[in-house]
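To keep things clear, I will list the structure first and then write my remarks on it.
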Amino acid sequence: MDIYNIVRQKIIELVTKRYKKVDQKTLNLITCEQPKNLKFGDLSTNVLMVLKKQNSEDLNDTKIYIINELKSISLFEEVSYIKPGFINFIMKKEVWYKVLCEIIKDINYGFKDLGLNRNVNLEFISANPTGPLHVGHLRGAVFGDVLARLMKKTGYTVCKEYYVNDLGNQIENLYETVKFHFENFNNNSKKKLSEEMYFGEYLKDIAKELINEKININDIKTVKEEIIYKVLNLIKRDLDNLGIIFDNFVSEKDIHDQGLLEEVLAKLNKKNLIYQGVLEKPKGKIDKNWKAEKQLIFKSTNFGDNSDRAIKKNNGEWTYFASDIAYHHNKISRGFDYIINIWGADHAGYVKRVKASLEALGYDRIRFDVKLCQIVNLLENNKSVKMSKRSGNFILINDILKKVDKDIVRFFMLIRKNDAHLDFDIKKCLDESKENPIFYIQYAIARINSLNNHFKKKKLYFSGFNEKSFNKLNSNEINLIKVLSLWPKVIESSVIFKEPHRVVYYLIDLAGAFHNYWSKGNLDSSMRVINESDIELTESRLTILNSLSKVIRSGLDVLAIKPMEKM
RNA sequence: GCUCUUGUGGUGUAACUGGAUAGCAUACAGGUCUUCGAAACCUGUGGUUAGAGUUCAAAUCUCUACAAGAGCACCA
């Protein structure tokens, strides 16, 4: 039961009844929400201000009409009109009783069907299969996983997908590196890895395994496959340790082998969007190696891109972009009508060209959305840890998970909105104090558990929670229900805007509301939850707190974090 | 040069996508445990980069300036 939505629907009904010609756009502007400041009531709507914009006529009659109609639906204690044009409502207490009953009853409280079974392909991480995952992948990993969880719980059919770039120069280099280790494993030659090769002990391990498997290192095709398979297993191990399971891994090589690039090129060619030409020299950084070369080019500027983009290199090989077009084409032909990609912010410049390619292929009905995650700044001992590929200085996810529990890592990855920079401070994660919001949230659950235990120990007996016992509650308790009533909206906006951090912030708020309530008992003993002389009151309070605990658990579950029953 | 992000108290950030007195944490100054868990709570100081515009209403939209970050053939 989303009380705000119920009232909103009612208002929309009233408006359409009175103004037959009112359009959907206007109706969408009508809001019905809990005001930030509760002195304006429990619920507030801007209908009149929205209508005023559309109609020049005097709205006094409308105002009276709407207010009277709303008064008659028996949800409200009071309906009032205030200055700029808000209508504010105060709920009857029994409404909060009903809201509470709903929260108790509904196992999926807060999760509405928003997706209508829409078929979503959610691609994230897609780190190259050249090594285990490192800190740079962490944020996108958690973001994607939690977004998927949210969408699955709200009626979307979600396929979590990982795109494996198992082609190209990097794989050559990977092969060369392993071959190097393979050949130099037992002799103490002083040869060093060359510029292009990959650092990291894991490749020595893989070389050793290949030696043990007695593989022919010059059987390039088989060896490459074997290496990719092994590295991918390292990645899967990391994912597993983070609690992330993918539904599908797609190989770039497969996309090539299936001839999808040719297929896509033919389509674009048919639309006269392909030409042989020379791209302009890029501005910005000066690269001495740059040469003007004739290439096969896609006219992406026709679709809002800043520059046309090469499809084939001068030597006739496909570009990375070409296989990406084919890959997205492949996603759509597999029946997905909603495509979400989660990329690092360094890929921002890539968005336009992929959008352009989809538009060019005529997929304008497909919803395509890219969420960019800003860089994570890893802090250790208050110093920023810089990573670089060349020096082999990588902080692996595995290293982090040795120090910090996965649940805490997940939490901290969502403590900022995706497009804000994120400082990830290992010391703060380990801090078990009020500076650490995850403990603040967990502490609320632990305290509520503790109350339940006390109640049991005292051998008090439940008399059965009902409206009569509910009526013993005061505004402090009702306020907790008001916070709980926001949960459906938090979920909805988290999903619609793809901003899972909202769940985190809500949980902090909710825990705050609880701790505040609890502490009232320190000053005023009548506000202590357990009151042996009034079982009905005690029970009503526990009912609310247990619902609160339930919503916190439900929120933690979205983040895939285990509740701590005791701390 | 161009494109994309982002500018919110001293610091780190949120704001129901345009709503009413901008929320939270930290820092700072005070206060609260013989009693349900003080890993908590309460009170106070302090903020929307600057300027203009649109609007009944702007942190949010538009323009200009300033500042920070990322990207700009091929490679991934």
Side-chain angles (χ1 to χ4, degrees), chain A residues 4 29 31 33-37 39-40 44 46 48-49 52-53 82-86 88 126-128 130 165 167-170 252 278-285 287 289-293 295 305-307 309-310 313-315 317 319-321 324 344-352 372 374-375 415-417 419-423 425 431-437 439-440 442-444 446-455 457-458 486 489-490 492-493 496-497 499 501-502 504-506 508-509 511-512 514-523 525 528-531 538 566-567:
Chain A
Y4 308 98
L29 291 174
T31 59
E33 52 200 28
Q34 187 181 90
K36 274 187 219 153
N37 193 333
K39 88 165 197 199
F40 293 118
S44 171
N46 64 352
L48 293 177
M49 290 180 289
K52 193 178 170 191
K53 198 155 216 162
I82 285 177
K83 303 182 258 180
F86 292 102
N88 295 336
S126 296
N128 293 330
T130 54
N165 300 122
L167 275 184
N169 288 336
Q170 48 176 358
E252 184 184 0
V278 178
L279 286 173
E280 265 181 61
K281 184 170 181 172
K283 289 168 183 163
K285 67 175 174 193
D287 188 340
N289 297 328
W290 189 86
K291 279 180 282 186
E293 284 181 335
Q295 295 174 305
D305 198 1
N306 312 46
S307 154
R309 306 291 172 180
K313 303 177 210 172
N314 182 251
N315 64 9
E317 285 175 24
T319 62
Y320 179 76
F321 178 49
D324 228 18
D346 52 338
H347 284 66
Y350 208 76
V351 177
K352 277 188 181 176
L372 299 172
Q374 267 295 350
I375 294 166
I415 202 150
R416 297 280 170 266
K417 124 177 102 180
D419 47 15
H421 288 261
L422 170 66
D423 282 340
D425 188 335
D431 195 6
E432 300 191 3
S433 82
K434 57 190 164 182
E435 279 188 51
N436 195 338
F439 285 98
Y440 185 76
Q442 298 277 22
Y443 188 38
R447 272 181 154 175
I448 292 169
N449 283 346
S450 177
L451 286 172
N452 284 314
N453 290 337
H454 269 271
F455 188 75
K457 269 186 204 156
K458 298 212 169 179
L486 297 174
K489 217 151 198 182
V490 170
E492 188 175 346
S493 59
I496 290 176
F497 305 120
E499 293 181 349
H501 74 278
R502 288 165 184 266
V504 169
Y505 278 91
Y506 175 73
I508 295 174
D509 277 355
F514 165 74
H515 290 305
N516 173 296
Y517 171 72
W518 165 287
S519 299
K520 289 192 194 306
N522 288 338
L523 287 173
S525 61
R528 292 163 72 83
V529 174
I530 294 174
N531 181 336
T538 302
K566 216 175 163 184
M567 295 172 67

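Throughout, a chain's letter reflects where its sequence line sits, starting with A, and its residues are numbered from 1. What you see is a predicted model; the values in this text were computed from it and never measured.
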In Watson-Crick or G-U wobble terms, with both distances under 3.5 Å, the base opposite B:A14 is none
Can you tell me if A:Phe86 is stacked onto the base of B:A20, using a 5.5 Å centroid cut-off and an angle below 30°? yes
Rounded to whole Å, the CG-P distance (A:Asn306 to B:A73) equals 11 Å
In Watson-Crick or G-U wobble terms, with both distances under 3.5 Å, the base opposite B:G71 is B:C2
Which pairs, protein N/O on one side and nucleotides 4-10 of chain B N/O on the other, fall under 3.5 Å?
| residue | atom | partner | partner atom | Å |
| --- | --- | --- | --- | --- |
| B:U6 | OP1 | A:Asp419 | OD2 | 3.3 |

Of B:U3, B:C36, B:A40, the nucleotide closest to the side chain of A:Val529 is B:C36
Per atom distances to the A:Pro282 side chain, the nearest of B:G37, B:C42, B:C72 is B:C72
Taken in chain and number order and not counting sequence neighbours, the residues that satisfy side-chain hydrogen bond (donor to acceptor under 3.5 Å, both in side chains) with A:Asn88 are A:Ser44
Please answer whether the main-chain N or O of A:Tyr443 pairs with a side-chain N or O of A:His515 as donor and acceptor at a distance below 3.5 Å. no
Which whole number of Å gives the distance between the P atom of B:G31 and that of B:C36? 24 Å
Side-chain contact check for A:Gln295: nearest option of B:C74, B:A20, B:G19 is B:C74
Within the distance-only criterion (no hydrogens, no angle test), does the side chain of A:Tyr505 pair as donor or acceptor with the backbone N or O of A:Ile415 below 3.5 angstrom?
yes
Of the listed B:G12, B:A40, B:A76, the closest approach to the A:Tyr443 side chain comes from B:A40
Assign A:His501 to base, sugar-phosphate, or nothing according to its heavy-atom contacts below 4.0 angstrom with the strands shown. sugar-phosphate
Taking any heavy-atom pair under 4.0 Å as a contact, classify A:Tyr350: base, sugar-phosphate, or nothing. base
*How is A:Gly85 classified with respect to the nucleic acid when contacts are heavy atoms under 4.0 Å: base, sugar-phosphate, or nothing?*
nothing
- Donor/acceptor link under 3.5 angstrom from A:Asp346 side chain onto base of B:A76: no
*Mind checking whether A:Thr31 and A:Tyr4 have side chains closer than 4.5 Å, heavy atoms only?*
no
### Query
Does B:A39 have OP1 or OP2 sitting under 4.0 Å from an N or O in the side chain of A:Asn436?
no
Syn within 90° of 0, anti beyond: B:U32 is anti
For B:G47, the nucleotide meeting Watson-Crick or G-U wobble distances (both under 3.5 Å) is none
For this session: Report yes if the ring of A:Phe40 lies under 5.5 Å from the six-membered base ring of B:A20 with planes under 30°, and no otherwise.
Result: yes
B:G7 -> Watson-Crick or G-U wobble partner, both distances under 3.5 Å, gives B:C66
Ranking B:U21, B:C74, B:C41 by distance to the side chain of A:Ala310, first place goes to B:C74
Testing B:A20, B:C16, B:G37 for proximity to the side chain of A:Lys489, the answer is B:C16
query = If only side-chain N and O atoms of A:Lys39 are considered, is one of them under 4.0 Å from the OP1 or OP2 phosphate oxygen of B:U21?
reply = no
Ignoring hydrogens and geometry, is there a side-chain-to-backbone donor-acceptor pair from A:Gln170 to A:Asn165 under 3.5 Å?
yes
Per atom distances to the A:Arg502 side chain, the nearest of B:C16, B:G1, B:A38 is B:C16
Considering only heavy side-chain atoms of A:His454, the closest of B:A20, B:C41, B:C36 is B:C36
Would you say a side-chain N or O of A:Tyr440 is under 4.0 Å from OP1 or OP2 of B:C41? yes
*Does A:Arg309 make a side-chain N or O approach to OP1 or OP2 of B:C74 shorter than 4.0 Å?*
no
Discussion item. Regarding A:Ser525, tell me which of base, sugar-phosphate or nothing describes its non-hydrogen contacts under 4.0 Å with the strands shown.
Written reply: nothing
Tightest non-hydrogen contact, residues A:Leu48 and A:Gly85, listed as CB-O, 3.7 Å
Applying the 3.5 Å cut-off to both distances, the Watson-Crick or G-U partner of B:A22 turns out to be none
query = Across the strands shown, which category fits A:Glu499 at heavy-atom distances under 4.0 angstrom: base, sugar-phosphate, nothing?
reply = base
Picking from B:A76, B:C72, B:C56, the nucleotide nearest the side-chain atoms of A:His347 would be B:A76
Closest to the side chain of A:Ser450, out of B:A40, B:A39, B:G37, is B:G37
Syn within 90° of 0, anti beyond: B:C33 is syn
Side-chain N or O of A:Lys313 versus OP1/OP2 of B:C75: is the shortest distance under 4.0 Å? yes
Quiz item: Is there a side-chain contact between A:Tyr517 and A:Val529, using heavy atoms and a 4.5 Å cut-off?
Solution: yes
Fit a plane to each ring of A:Tyr350 and A:Phe321, take the angle between them on a 0 to 90° scale, and name the class: parallel (under 30°), tilted (30 to 60°) or perpendicular (over 60°).
perpendicular
For B:U32, the nucleotide meeting Watson-Crick or G-U wobble distances (both under 3.5 Å) is B:A40
